[in-house]
2 protein chains.
Amino acid sequence: MKLVTRDTDYAVRALVYMAQQRGRLVTSREMVDELRIPRAFLRRILQQLGRHAVLKPIKGKMGGFVLSLPAEKIRLTDVMRIFQGSLEISECMFKKQVCPNRARCFLRKRIVSIEAYVVNQLRAISIASLLTEAR
Amino acid sequence: MKLVTRDTDYAVRALVYMAQQRGRLVTSREMVDELRIPRAFLRRILQQLGRHAVLKPIKGKMGGFVLSLPAEKIRLTDVMRIFQGSLEISECMFKKQVCPNRARCFLRKRIVSIEAYVVNQLRAISIASLLTEAR
DNA sequence: CAAAATGATATAAATATAGTATCATTTAAC
DNA sequence: GTTAAATGATACTATATTTATATCATTTTG
Ligand code: FES
Ligand code: FES
């Protein structure tokens, strides 16, 4: 049971690293070396973060990435949503099909209320808050 | 992000159904018909519940299953553990490998504390408590 | 002994996660 | 203006997990 997948985790590591650089331009190559994340995988992750405007890509030679928001404003939930889709922990067990079980679905209601708490807690985690921990 | 997998869900439905029968012997065939769960799948699920002593199998013609515990004592977490293994929501992103990232793992600590709450909430859900909802 | 149940277990299919690879485009420096 | 070093887009592969299915053995009642 994994709340956070590997790409979210890698993305967070990269974002924390970038935040530590205080606005310095950082290349994917540098982060691959520093963070020991598979190259092609990290590249794709950074591209996705770029598309969602979490970081600002700078193209061409001497290019790289910078955060496009202050680290306080990047929340774990934002990152999770990019890589893991909806945060519904209470996702219907028969996703995508017409659920044949609504009537007998005793569990969902219970889980929905737990979910609210979890999402709130996750939302409270920002890159900045992880940063203070990192030093 | 699914907190509960399909087999756990099926198991819970079956257990709730059995609880409703107040000790009457129930066959897998009957539950397949009532609950619309794929036959072979439900059979295997019941076997697993039997192995873990959640229900008592009665072999031979006229056989079937009965709960081996009062419905109040069967907790969702028990069922989840059978079908989903550990309840660690904070499972290391690099499970099974020697984690190459402990030093940079900022997230795990945070998630561990969320996990404690979630597991407590789930533990409070018993088959009996779902039963009252079911009517 | 036959029928109706469960036990054990192997296998397959579908989906999700994790990772790779390739080629195109942009930009700076020479 | 060519080359090198960066990102963009996107297709592909591999692995693991989830969701089943299928088969044969064993037990028990009538
Ligand atoms: S299984 Fe569909 S709503 Fe619960
Ligand atoms: S990634 Fe291994 S402990 Fe966090």
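In what follows, chains carry the letters A, B, and so on, assigned in the order in which the sequence lines appear, proteins first and then strands, with residues in each chain numbered from 1.
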_How many whole angstroms separate atom NZ of Lys56(A) from atom P of dT7(D)?_
15 Å
_Please determine whether a side-chain nitrogen or oxygen atom of Thr5(A) lies at a distance below 4.0 Å from atom OP1 or OP2 of dA16(C)._
no
*Reckon Gly64(B) touches a base, only the sugar-phosphate, or nothing at all at heavy-atom distances under 4.0 Å?*
sugar-phosphate
*Between Tyr10(B) and dT19(D), is there a side-chain N or O to OP1/OP2 distance below 4.0 Å?*
no
Short N/O separations, protein against nucleotides 23-26 of chain D, under 3.5 angstrom:
none

*From the list dT19(D), dT17(C), dG7(C), which nucleotide is the closest neighbour of the side chain of Asp7(B)?*
dT19(D)
*Hey, does Ile37(A) have a side-chain heavy atom less than 4.5 Å from the side chain of Met31(A)?*
no
*To the nearest Å, how far apart are Gln48(A) CD and dT7(D) P?*
15 Å
*In whole angstrom, give the distance that lies between atom CZ of Arg24(B) and atom C1' of dA5(C).*
15 Å
*Among dA28(C), dG8(D), dA18(C), the one nearest Met62(A) by side-chain distance*: dA28(C)
*Would you mind telling me which of dT19(D), dT10(D), dA6(D) lies closest to the side-chain atoms of Gln47(A)?*
dT10(D)
_Rounded interatomic separation in angstrom, taking CE from Met80(B) and C1' from dT17(D)_ = 16 Å
*Please determine if a side-chain N or O atom of Thr27(A) lies less than 4.0 Å away from the OP1 or OP2 oxygen of dT7(D).*
no
*Want to settle it: does Phe83(A) or Gly60(A) sit nearer the 5' end of DNA chain C, counting the closest nucleotide to each?*
Phe83(A)
_Measure CG/Leu42(A) against P/dA6(D) and give the value in whole Å, please._
14 Å
*asked:* On the nucleotide dT19(D), are OP1 or OP2 found under 4.0 Å from the side-chain N or O atoms that Lys2(B) carries?
replied: yes
*Calculate the interatomic distance between Arg6(A) atom CZ and dG19(C) atom C1'; express it in whole Å.*
9 Å
_Given the structure, check if the side chain of Arg51(B) and the base of dG7(C) hold any donor-acceptor pair shorter than 3.5 Å._
no
_Within 6.0 angstrom of Arg29(B) CZ, more than 12 heavy atoms from elsewhere_ = no
*Separation of dA14(C) P from Phe41(B) CZ (nearest whole Å)*: 15 Å
*Below 3.5 Å, does any donor atom in the side chain of Arg44(B) face an acceptor in the base of dA20(D), or the other way round?*
yes
*For Tyr117(A), does its backbone N or O pair with a side-chain atom of Gln121(A) as donor and acceptor, under 3.5 Å?*
no
*Quick one: are Phe83(B) and Val4(B) in side-chain contact, heavy atoms under 4.5 Å?*
no
*Between C1' of dT20(C) and CD1 of Ile37(A), the distance in whole Å*: 16 Å
*More 5' along DNA chain C: Arg39(B) or Lys61(A), using each one's nearest nucleotide?*
Arg39(B)
*Over 12 foreign heavy atoms within 6.0 Å of CZ, Arg39(B)*: no
*asked:* Does Ile58(B) reach a base, just sugar-phosphate, or nothing at all? Heavy atoms under 4.0 Å.
replied: sugar-phosphate
*Taking a hydrophobic cluster as the set of Ile, Leu, Val, Met, Phe, Trp and Tyr residues connected by side-chain heavy atoms closer than 4.5 Å, whether directly or through intermediates, do Tyr17(A) and Leu42(A) fall within one such cluster?*
yes
*asked:* Please check this pair: side chain of Ser68(B) against backbone of Ala53(B), looking for a donor-acceptor N/O pair closer than 3.5 Å.
replied: yes
_Side chains of Thr27(B) and Val32(B), heavy atoms from C-beta outward: is any pair under 4.5 Å?_
no
